[in-house]
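Atoms within each ligand, like the ligands themselves, are counted from 1 in listed order. Everything numeric in this text was worked out from a predicted model, so none of it was measured. Start at 1 with the first residue, then count along the sequence.
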Amino acid sequence: MVSPVEILSREIEHHLNAPALVRPCTDPRLGDFQANGVLAAAKQRGQNPRALAEQIVTRLSLADVCEPPEVAGPGFINFRLKPSFVAQQLRSMMSDERLGVAPASPAETIVFDFSGPNVAKQMHVGHIRSTIIGDALARVARYLGHRVITDNHLGDWGTQFGMLIVGWNRFRDDAALQRDPLSELERLYREVNARPELREEARAELVKLQRGDPANRAIWQHILDLSRHAFDEIYEKLGVRFDFTLGESFYNPMLPDVVKELLDCGIARVSDGAVCVFAADQPTPLIIQKSDGGYGYGTTDLATVKYRVENWRPHRIVYVTDARQQLHFKLVFATVRRWLPNPPHLEHVAFGSILGEDGKPLRTRSGENIKLRELLAEAEERALTIATSKNPHLPEDQRREIAQVIGIGAVKYADLCQNRTTDYVFSWDKMLALDGNTAPYLQYAYVRIRSIFRKAGLSVVPVPSQLEFQDASELDLGKHLLRFRDVLYDVLADYKPNWLTAYLYELAGKFTAFYDRCPVLASPEPTRQQRLAMCQLTGNVLRTGLDLLGIRVLEQM
Ligand code: ARG
């Protein structure tokens, strides 16, 4: 299926020979879509934009698609879709299990690098955002037909292991380790860190580990297994899966060659005893080997790009981390572009911080980092209270199931609906509200649609042979449904899941307006069938859209 934007763009571009730049109108009174491309094209050619727009408009053959287009302002063209066209498009969307979303062409291979928690530590809020945003972007890309590879770049190697091994040998409490491994590992680190007299011992243990000492390797492996188990519990709760989990340790054997190659081809040079790559526009270099011979985070990232390129041949690699890593990725990307022939597109998708209601970075009342596990448990607990007050008669396991879907959905949605580049304030009450731009509101809208079908004693309705819009709200809903495809492409183009949340929120609002004004089950045929089909399509778009955000729906709540 071809979307209205594509149809309009193709026709305009055929006559304009320049990008049409078709966007939905911000003011619906002007029309449904606006093309802005004439302005740039006219400017470039030294023509009068309004005259050019008027000339183009007379040539467009879009009589089946829209009312006669209107030239506005300095040279915009406004389009209003014909109801007959909307009806025809909706009917093909209804009969398409992909909901009218044609796969991207050409399909790309895209690696999504997200989550990447550091072992022996709780995931901090930055990792939560990375996990939720990265997962949603990967889902959208996959839905659009790209070959998607998700890779969890665990921080499982580094100088902290010297301290951890000393702590493990001297202070380990096995019972605590079993109860809450990450907290115990954090405690071991703190115990050693608080004792300067153990520094030397930690350094020696680290060297032993790096040389492959079997006892220290075994401790490292044990710490890794415990951490991964704890992370997996969280991924399981969040419904997040990775195709690969190749942590930093995986690349460790490749690091000497990376440094050698970069020195040999003259991209790196020794400066103050360290091996550095200087970028023309950056004051600080990327250090790929420290003066003590150790390698760093950046060296590992270079080896990682090379490995991915050689093994997966990606067109794009997308890194989802907090904004503080901007400089790191700038330096890594600049190095890759000089180093590898035909490098893939490298994108750093950065996001802001989660703040507490006091406007400071989110912490517990006693000032510690929030444990993700506890945060998710609290979300479910709070959602259970709400589910119980709404459905006191439901059996407990059913209420718990509802609470899990709502609680986890609320946390994810609260994150995804933000413009990712800005900080946002974390608020339980806001995210769990049943009205407003929240997951529970959308999940509830879906439940309402399903209950219409339950009442009608139907599970699905066939595609109607005709669709008529008797009320403006019906046509309005229909036009919004047709935008689904474009929104998904926008999400991937800008790496912004909040385009999709905003779309779904608006969809639920337009559905409510339609449902308030247009009787469904009480209407005579064929209106009843047609309206049921509109309800069904809305439900399918809501469910699919939420699924692409990693949020589940319920049949009842
Ligand atoms: N472990 C890193 C951190 O906690 C995130 C890893 C991001 N991915 C990467 N390829 N550098 O900040």
Report yes if some heavy atom in the side chain of [X] is under 4.5 Å from a heavy atom in the side chain of [Y]; otherwise report no.
X	Y	result
R543	Y446	yes
W339	E261	yes
K371	S183	yes

Check whether any N or O atom of [X], backbone or side chain, sits under 3.5 Å from an N or O atom of ligand 1, and answer yes or no.
X	result
Y319	no
T321	no
R308	no

From the candidates G116, G134, G155, the one that places a heavy atom nearest atom 5 (C) of ligand 1: G116
Contacting atoms of ligand 1, where contact means under 4.0 angstrom from a heavy atom of Q325: 3 (C), 12 (O)
Element-labelled atoms of ligand 1 that are located less than 4.0 Å from some non-hydrogen atom of H127: 3 (C), 4 (O)
Would R552 and D547 count as a salt bridge (charged side-chain N to carboxylate O under 4.0 Å, His left out) if you check the C-alpha gap in whole Å, the side-chain angles of each, and the deciding distance to 0.1 Å? CA-CA 6 Å; R552 287 161 61 200; D547 183 60; over 6 Å; no
Do me a favour and list the nearest non-hydrogen protein atom to atom 8 (N) of ligand 1 with residue, atom name and distance? D113 OD1, 3.0 Å
the protein heavy atom lying closest to atom 7 (C) of ligand 1 turns out to be Y297 OH, 3.5 Å
Look at atom CH2 of W220 and say whether more than 12 heavy atoms of other residues, nucleotides or ligands are closer to it than 6.0 Å. yes
Does R199 have more than 12 heavy atoms from other residues, nucleotides or ligands lying within 6.0 Å of its CZ? yes
Quick check on D301 - does any of its heavy atoms sit under 4.0 Å from an atom of ligand 1? yes
is_close_aromatic(F244, W312), centroid dist under 6.0 Å: yes
Backbone, side chain, both or neither: what part of F114 comes under 4.0 angstrom of ligand 1, heavy atoms only? neither
